[in-house]
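Shown next, in structure tokens, is the structure this report addresses.
Both counts, for ligands and for their atoms, begin at 1 and track the order of listing. When reading the values below, keep in mind they use all heavy atoms of this one structure, side chains included, and skip hydrogens, waters and symmetry mates. Positions are given from 1 along the sequence. Keep in mind the model is a prediction, meaning the values are calculated, not measured.
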Amino acid sequence: MALSQDLSKNTKLERYNSYLRRMNNTKLLAASSKLLFRATLLVALLLVFFFTLNYPIGGTGVGGGDPNNHINNNGPFHTTSRFFTSGFYGTGASWEKQVRQSSTPRRPNGFSILVTGAAGFVGSHCSIALRKRGDGVLGLDNFNTYYDPSLKRARQKLLSRNQIFIVEADLNDSPMLIKLFDIVPFTHVLHLAAQAGVRYAMKNPQSYVQSNIAGFVNLLEVAKNADPQPSIVWASSSSVYGLNKDNPFSESDRTDQPASLYAATKKAGEEIAHTYNHIYGLSLTGLRFFTVYGPWGRPDMAYFFFTKDILQGKPISIYKAHGGAEVARDFTYVDDVVKGCIGALDTAEKSTGSGGKKRAPAQLRVYNLGNTSPVGVGRLVSILEGLLNVKAKKNVITMPRNGDVPFTHANVTLAHKDFGYKPTTDLATGLRKFVKWYVGYYGVQPKVRKETSSDAE
Ligand SMILES: O=C(O)[C@H]1O[C@H](OP(=O)(O)OP(=O)(O)OC[C@H]2O[C@@H](n3ccc(=O)[nH]c3=O)[C@H](O)[C@@H]2O)[C@H](O)[C@@H](O)[C@H]1O
């Protein structure tokens, strides 16, 4: 009995102890869950804080990068998280006011134009020209770091002085694009945002797919659903002619032999444009730009980094074609291209669909915008030497197999016939204007300034 009583006491005691242990465990578990929850919250907040600091604008950030110092080493990364753009940036009342003001025309029957890549080279020039004639212009740019973003920021300031607001977002940010089309009934889109550069495509192929294909499709998806649907004018490239042997290049020449991934993505853009025109009635005009140069240009382009390297006494490489012939380009001055873009916008017919439904056949066009007079790279360098008053250290080398083509030459008859496109700036004149801008912008030596001071610009 005593034993059984003892046993029963012990059993109770054990049960009681086990109960206490369970209670403690439960408390411990609850306490550790709380701790875990708080720690997770803290880590999440820290991550948001970190990303907000590092990628504050339209999703620029990590990427392939390029050892070439003309291209920013951070490289572009075009997939913008929707969270970062739509969630944190520009959705308040004052932001909407800026969007509306910027896109409101100031002339009777003026356009309301969304310019993508507005902080870029051609985009900034076109935006200002359109604004000056009274159109409403809203910019869109992701300010990626493919080349020095401070140059894009400087262009942004210039646009801001012209009452043009740039929304900082990526083409792949659908919620942001939809929001913009909800706020503004855009009559036109001038789509110039792209991953540019022929040679860089071997270093960071994905960035071309992200911008030039995925981004373009995203824009078209939003545009086709918009009501009204805008007319779209967009930048294709002379590079679509690839290994085409006909000279000069006409729009009807073959474009099925791209020599670089850049060219292939631009060619893909032309086919994609056909599809959206065919199914949804979007009015689409592709412009094949031929090596555009000028003030506020792109530091990754040869004329720009040759100038920099010549001034710094660094050697430059001048490419010759594989048979030994000189490499040549139909260098086209930016003001001529701007006139071409505006001519294309002015003659663009309205899209025929609405809310994603086609009502009738719509306009589909493609035009060359070149200078019609190719110049060898050697000649380009001699002009720069004259303007800079510095002898270049030249290495003539066979063109590396990096996507370059040996020559380009535009036939612009079609653009001339349809909207009076007529380039008027030869390379020497255009480069003088570029050098004048360059020495002013970068504060270069007075010797160069003197050489270019006769220019009235
Ligand atoms: O028309 C286009 O569609 C493209 O034009 C531009 O490409 P490209 O015509 O290749 O211009 P760019 O790089 O300035 O080279 C100029 C010349 O210098 C030669 N070149 C180049 C580098 C070098 O080190 N040495 C050299 O001789 C080179 O072989 C070439 O002959 C845009 O970058 C591109 O985004 C796209 O818009």
Task: Residue, atom name and distance, where the atom is the protein heavy atom closest to atom 7 (O) of ligand 1 - done: Val198 CG2, 3.8 Å
TODO: Looking only at protein heavy atoms, identify the closest one to atom 10 (O) of ligand 1 and say how far it is in Å.
DONE: Asp404 OD1, 3.5 Å
Task: Heavy-atom proximity to atom 35 (O) of ligand 1, best of Ser236, Ala194, Gly197 - done: Gly197
Task: Distance flag, aromatic centroids of Phe331 and Phe290, threshold under 6.0 Å - done: no
Open item on the list: Under 3.5 Å between any N/O of Phe290 and any N/O of ligand 1: does that happen in this structure?
Closed with: no
Task: Worked verdict on Tyr293 versus Phe121 for ring pair (Phe, Tyr, Trp, His ring centres under 6.0 Å) - done: CA-CA 9 Å; Tyr293 72 99; Phe121 170 36; 8.4 Å; no
- [ ] Please check if any side-chain donor atom of Thr265 sits under 3.5 Å from a side-chain acceptor atom of Asn212, or the reverse.
- [x] yes
Task: Stepwise ring pair (Phe, Tyr, Trp, His ring centres under 6.0 Å) check, His416 with Tyr421 - done: CA-CA 4 Å; His416 182 254; Tyr421 174 73; 8.5 Å; no
Open item on the list: Under 4.0 Å, counting heavy atoms only: does Phe306 come that close to any atom of ligand 1?
Closed with: yes
Task: Atoms in ligand 1 flagged as close to Phe305, the criterion being non-hydrogen separation under 4.0 Å - done: 22 (C), 24 (O)
Task: Minimum-distance protein heavy atom relative to atom 2 (C) of ligand 1 - done: Ser238 OG, 3.3 Å
- [ ] For atom 37 (O) of ligand 1, find the nearest protein heavy atom and state the residue, atom name and distance (0.1 Å precision).
- [x] Tyr262 OH, 3.4 Å
TODO: Could you tell me whether Glu385 and Lys391 make a salt bridge, using a distance below 4.0 angstrom between a side-chain N and a carboxylate O?
DONE: yes
Task: Numbering as shown, the atoms of ligand 1 that approach Ile318 to under 4.0 Å (heavy-atom distance) - done: 27 (O)
Task: Tyr241 and ligand 1 - part of the residue with a heavy-atom distance under 4.0 Å - done: neither
Open item on the list: Side chain or backbone, does Asp300 bring an N or O within less than 3.5 Å of an N or O on ligand 1?
Closed with: no
TODO: Work out whether the distance between some heavy atom of Phe407 and some atom of ligand 1 is less than 4.0 Å.
DONE: no
Task: Asn109 atom CG, neighbour heavy-atom count above 12 within 6.0 Å - done: no
Open item on the list: I want to confirm something. Looking only at heavy atoms, which of Arg288, Arg298, Lys266 is nearest to atom 34 (C) of ligand 1?
Closed with: Arg298
Open item on the list: Using the ring centroid of each side chain, check whether Phe186 and Phe181 are separated by less than 6.0 Å.
Closed with: yes
Open item on the list: Taking 4.0 Å as the limit for heavy-atom contacts, which would you say applies to Tyr293 with ligand 1: side chain only, backbone only, both, or neither?
Closed with: neither
Task: Ring centres under 6.0 angstrom apart (Phe434, Tyr303) - done: yes
Open item on the list: Looking only at distances, can you tell me whether any N or O atom of Met399, backbone or side chain, sits closer than 3.5 Å to an N or O atom of ligand 1?
Closed with: no
Task: Residue and atom name of the nearest protein heavy atom (relative to atom 8 (P) of ligand 1), distance in Å to one decimal - done: Arg329 NE, 3.7 Å
Task: Atoms in ligand 1 with a heavy atom of Ala302 nearer than 4.0 Å - done: 12 (P), 14 (O), 15 (O), 16 (C), 18 (O), 21 (C)
Task: Proximal atoms of ligand 1 relative to Ser237 (non-hydrogen, under 4.0 Å) - done: 2 (C), 3 (O)
Open item on the list: Are Tyr146 and Tyr200 an aromatic pair, judged by ring center distance below 6.0 Å?
Closed with: yes
TODO: Please say whether more than 12 non-hydrogen atoms of neighbouring residues, nucleotides or ligands are located less than 6.0 Å from CZ in Arg401.
DONE: no
TODO: For this output row, return yes or no: ring centroids of His191 and Phe216 closer than 6.0 angstrom.
DONE: yes
Open item on the list: Give me the nearest non-hydrogen protein atom to atom 25 (N) of ligand 1 as residue plus atom name, then the distance to 0.1 Å.
Closed with: Ser317 O, 2.8 Å
Open item on the list: For atom 5 (O) of ligand 1, which of the options Asn395, Val122, Thr291, Ile316 provides the nearest non-hydrogen atom?
Closed with: Thr291
TODO: Looking only at protein heavy atoms, identify the closest one to atom 26 (C) of ligand 1 and say how far it is in Å.
DONE: Tyr319 CD1, 3.4 Å
Open item on the list: Keeping Tyr208 on the side-chain end and Ile213 on the backbone end, is there a donor-acceptor pair under 3.5 Å?
Closed with: no
Task: Backbone or side-chain N or O of Val377 under 3.5 Å from ligand 1 N or O - done: no
Task: Protein heavy atom at shortest distance from atom 13 (O) of ligand 1 - done: Arg199 NH2, 2.4 Å
Task: Proximal atoms of ligand 1 relative to Ser239 (non-hydrogen, under 4.0 Å) - done: 3 (O)
Task: Backbone of Asp253 reached by a side-chain donor or acceptor of Ser250 within 3.5 Å - done: no
- [ ] Can you sort out which atoms of ligand 1 are near Val327, meaning under 4.0 Å from one of its heavy atoms?
- [x] 29 (O), 31 (O)
Open item on the list: Check whether Asp336 reaches the backbone of Thr424 with its side chain - one donor and one acceptor, N or O, closer than 3.5 Å.
Closed with: yes
TODO: Check Asp246, Thr372, Asn247 against His409 for a side chain to side chain donor-acceptor pair (under 3.5 Å) and give me the one that passes.
DONE: Asn247
